[in-house]
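Side chains are part of it too, since the values below use all heavy atoms of this structure and drop only hydrogens, waters and symmetry mates.
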Amino acid sequence: MSSDYEQQRSRLHSEYTEQPSDEPWTDLELALPHNRSPTGIVSFVECVLVELTYEDVGAEFVSTSVAGVKRTQFIAVDDVGQRFQKRYFDDRLGWHETIVSRGAVRNELVSRLSQLSLDRIDETPNTDPDTFRVVPIHQF
């Protein structure tokens with residue numbers, strides 16, 4: 001009897017540890033171009049802002065072009081989600097940081113995620129797509 005219990009317990013433990021995280025923010029990622037509607041983008045951004053406010057996560061938009069990689073990261077800096085640290089990285093210029101309002105983050109994310117990446121039309125097809133994701137802060 002004891003061995004059956006141990007086998008079941010071991011199986012359940014391995015199933016639990018091998019499954020992806022149940023955190024609500026794990027599926028908040030998007031590659032551009034995409035087929036989401038403007039309303040879908042606004043809903044997506046609102047979900048992102050909620051997670052940034054209440055979880056230890058940040059949002060990151062990465063754009064790769066012939067000129068190099070550009071990263072924009074947003075991290076909530078207060079408990080009510082009204083102020084965010086915006087970190088911008090450009091291969092040529094390095095890091096720049098500033099504090100921005102929730103409205104500014106919302107507007108920038110809606111704008112960026114609504115774009116069709118028109119500035120990348122002349123690039124080689126091997127260039128990575130622009131990506132957006134929500135990740136734990138310690139991964140920045």
Min side-chain heavy-atom separation [X]-[Y] under 4.5 Å:
| X | Y | result |
| --- | --- | --- |
| Val62 | Asp130 | no |
| Val80 | Thr53 | no |
| Leu52 | Val57 | yes |
| Val50 | Val48 | no |

Next on the checklist: Going by the rule side-chain contact (heavy atoms from CB on, under 4.5 Å), which residues pair with Glu97 if we only count those two or more places apart in sequence or in a different chain?
Outcome noted: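 Here the qualifying residues are Gln85, Arg87.
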Next on the checklist: Under the salt bridge (charged side-chain N to carboxylate O under 4.0 Å, His left out) definition, can you give me all pairs with a residue in residues 30-42, not counting sequence neighbours?
Outcome noted: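 Every pair satisfying salt bridge (charged side-chain N to carboxylate O under 4.0 Å, His left out) with a residue in residues 30-42: there are none.
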Item to check | Any pair counted as ring-ring contact (aromatic ring centres under 6.0 Å, His included), so long as it reaches residues 65-113, sequence neighbours left out | outcome: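 Sorted pair list: Phe89-Trp95.
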Checklist entry - Listed by chain and number, what are the side chain to side chain donor-acceptor pair (under 3.5 Å) partners of Glu46, not counting sequence neighbours? => result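 Partners of Glu46 by the side chain to side chain donor-acceptor pair (under 3.5 Å) criterion, ordered by chain and then number, come out as Arg106.
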Checklist entry - Does Arg102 have any salt bridge (charged side-chain N to carboxylate O under 4.0 Å, His left out) partners at least two apart in sequence or in another chain, and if so, which? => result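 With neighbours one apart ignored, the set is empty.
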Next on the checklist: Once ring-ring contact (aromatic ring centres under 6.0 Å, His included) is applied, do any residues pair with Phe61, and if so which ones, sequence neighbours excluded?
Outcome noted: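 Expected list: none.
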Item to check | Reference residue Leu109; test side-chain contact (heavy atoms from CB on, under 4.5 Å); the match among Thr72, Ile41, Val45 | outcome: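 Single pass found, and it is Val45.
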Side-chain ([X]) to main-chain ([Y]) donor-acceptor, under 3.5 angstrom:
| X | Y | value |
| --- | --- | --- |
| Ser111 | Asn107 | no |
| Asp91 | Val69 | yes |
| Asp90 | Gly94 | no |

For residues 131-140, tabulate all N or O donor-acceptor pairs below 3.5 Å that involve a side-chain atom, not counting sequence neighbours.
| residue | atom | partner | partner atom | Å |
| --- | --- | --- | --- | --- |
| Arg133 | NE | Glu60 | OE1 | 3.3 |
| Arg133 | NH2 | Glu60 | OE1 | 3.0 |

Item to check | Within 6.0 Å of CG in Asp78, more than 12 heavy atoms from elsewhere | outcome: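 Enclosed.
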